[in-house]
Amino acid sequence: MNMIVREFPEIAVQDFLRASSFWTPQHCVPSAWVGHAPFAYWLVNVLKPRNIVELGVHCGFSFLVFCQAVKKMGSDCQCIGIDTWKGDEHAGFYEESVYDNLLVHRQPYVSTSRLIRSTFDAAQPQFADGSIDLLHIDGRHRYEDVRSDFENWKPKLSKRAVVLFHDTNEASFGVSRFWNELAADFPHFEFKHAHGLGVLGVGSDLPVQLQQLFELTELGDLSNSVRDAYEQLGNAVINGQEVQRLTASINAYQTSTSWRLTAPLRLALRLMKSAASRLQPTLTPRPKRSAPVPALVLVGKDVRQVRC
């Protein structure tokens, strides 16, 4: 492929971090993608896409991250998520509540996002050729499926297009095999944490900072430092999401009927413990006096007991 190459000065880890890398996700939904939120924020900030398309949305974490970034930046961009919301043998089959819950989370972004309930192939005619700047492929992970998704949607990609692949660091998934094939032909960078995220430079006119990111593939030490930085940022997001889930669980329990009904019992137990601690000195029994121990005394040839 012909990519416009620009000369740029020496680069360092901080060149791949922006304030957006430290943003906090506003939505807590189950996902194996949580650890990649910091990079997604950075990518949207740098690429400034006009259209973001996600193939395979499920609960919607990555889709909502893209929506949040677009809104926070005030970008003129549409985020489109495509899924049947029925599930498959890889993600599992799930109930209608998954889609309903996503509709609730999407409310802040109704003007800049769209959900298409369809197969990927059926939705394709809705997009003009060369119109997609950022494509996230996260559907079924078999080799044939991932390859088909990429090849079928490739004509829709713009000259500035970047394609993301999740689970590239899972050797048992077909996406890992297909990613290795693509990496031999396109500029790329791969994060290893959170099951792996492949970043593929498909467009011929990529922003300078993305060209620099792809150059890191040939720079072992610096590329590892960038990976480490985003892994640490990702772990912070994962921990934060776990705290949110635990807090929500505690709040739900404390507002439940059973919690309210048992409140008098918990109060009585605290009062009993408090009273017991105050009475403890007066209730402590006095130590018993030890019984005298007989002593053995030798008198002549006889041994006699004498009480002490």
Side-chain angles (χ1 to χ4, degrees), residues 25 27 29-40 43 52-66 79-99 101-102 115-124 127 132 134-157 161-202 217 227 230-231 234-235 237-238 241:
H27 306 274
V29 296
S31 177
W33 214 88
V34 175
H36 297 299
F39 176 74
L43 178 61
I52 300 174
V53 175
E54 181 166 271
L55 306 181
V57 182
H58 197 183
C59 293
F61 179 82
S62 52
F63 177 77
L64 293 168
V65 163
F66 293 134
C79 299
I80 301 101
I82 305 170
D83 204 316
T84 61
W85 282 278
K86 299 294 183 183
D88 54 47
E89 62 270 24
H90 172 256
F93 295 93
Y94 36 89
E95 299 179 351
E96 188 71 10
S97 58
V98 172
Y99 180 71
N101 188 55
L102 177 56
L115 296 176
I116 301 176
R117 198 161 193 179
S118 162
T119 62
F120 303 158
D121 291 345
Q124 198 180 66
F127 298 86
I132 300 174
L134 179 56
L135 177 67
H136 178 211
I137 298 178
D138 199 13
R140 197 160 55 183
H141 283 22
R142 294 187 308 193
Y143 174 84
E144 295 79 10
D145 295 313
V146 181
R147 180 170 183 170
S148 176
D149 292 340
F150 178 75
E151 295 296 339
N152 290 343
W153 284 82
K154 189 177 176 182
K156 308 299 180 182
L157 301 177
V162 171
V163 182
L164 300 178
F165 297 84
H166 189 225
D167 288 327
T168 55
N169 200 28
E170 295 290 342
S172 60
F173 291 166
V175 64
S176 176
R177 173 185 163 194
F178 185 58
W179 167 256
N180 290 332
E181 293 178 3
L182 290 174
D185 297 326
F186 292 90
H188 64 280
F189 189 80
E190 183 183 10
F191 294 97
K192 304 295 186 179
H193 69 283
H195 309 284
L197 183 71
V199 186
L200 196 73
V202 179
T217 301
R227 288 190 183 97
Y230 274 102
E231 181 173 5
N235 287 338
V237 174
I238 291 172
Q241 294 263 303

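Predicted, not measured: the structure shown is a model, and the values here were computed from it. FYI, side chains are in, hydrogens and waters are out, and symmetry mates aren't considered; it's all heavy atoms of this structure.
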Between the CZ atom in Phe150 and the CG atom in Asp145, the distance rounded to the nearest 0.5 Å is 15.5 Å
Heavy atoms of Val57 and Asp83 approach each other most closely as N-OD2, 2.7 Å
With side chains defined as the heavy atoms from C-beta onward, is the minimum distance between Leu135 and Phe127 less than 4.5 Å?
no
Glu95, CD atom: more than 12 neighbouring heavy atoms under 6.0 Å
no
Sequence neighbours excluded, the answer for side-chain hydrogen bond (donor to acceptor under 3.5 Å, both in side chains) partners of Ser62 is Glu54
Taken to the nearest 0.5 Å, the spacing of Leu64 CG from His27 NE2 works out to 5.0 Å
Residues Pro25 and Gln241: closest non-hydrogen pair is CB-NE2, 3.9 Å
Side chain of His188, backbone of Ala183: donor and acceptor closer than 3.5 Å?
yes
Minimal heavy-atom distance between Ala194 and Gly35, with the atoms involved, is CB-CA, 4.2 Å
Reported OG-to-CG distance for the pair Ser97 and Leu102, which is rounded to 0.5 angstrom
11.5 Å
Scan Tyr94, Phe63, Tyr99, Phe93 and name whichever one has a ring-ring contact (aromatic ring centres under 6.0 Å, His included) with Trp85.
Tyr99
NE2 on His166 to CZ on Phe191, rounded to 0.5 Å
12.0 Å
Test your reading of the model: is there a side-chain donor-acceptor pair from Asn169 to the backbone of Lys192, 3.5 Å cut-off?
yes
Which pair of non-hydrogen atoms, one from Ser176 and one from Ala171, has the smallest distance, and what is that distance?
OG-CA, 4.1 Å
Atom pair OG1 (Thr84) and CD1 (Ile116), whose distance is rounded to the nearest 0.5 Å:
13.0 Å
Decide yes or no for Leu55 and Asp138: does some side-chain heavy atom of the first lie under 4.5 Å from some side-chain heavy atom of the second?
no
Pairing donors with acceptors under 3.5 angstrom, does anything connect the side chains of Asn152 and Ser148?
yes
Among His195, His193, His136, His58, which residue meets the ring-ring contact (aromatic ring centres under 6.0 Å, His included) test with Trp33?
His136
Approximate separation, where rounding is to 0.5 Å, of Asp167 CG and Leu197 CG:
9.5 Å
Using side-chain heavy atoms (C-beta onward) and a distance below 4.5 Å, is Ile82 in contact with Trp153?
yes
Tell me whether the NZ or CZ atom of Arg227 lies within the 45° cone about the ring axis of Phe39 and under 6.0 Å from its centre.
no
Which heavy atom of Val29 sits nearest a heavy atom of Cys59, and at what distance?
CG2-O, 4.1 Å
Decide side-chain contact (heavy atoms from CB on, under 4.5 Å) for Leu164 and Leu43; before the verdict, give the C-alpha distance in whole Å, the side-chain angles of both, and the deciding distance to 0.1 Å.
CA-CA 11 Å; Leu164 300 178; Leu43 178 61; 3.9 Å; yes
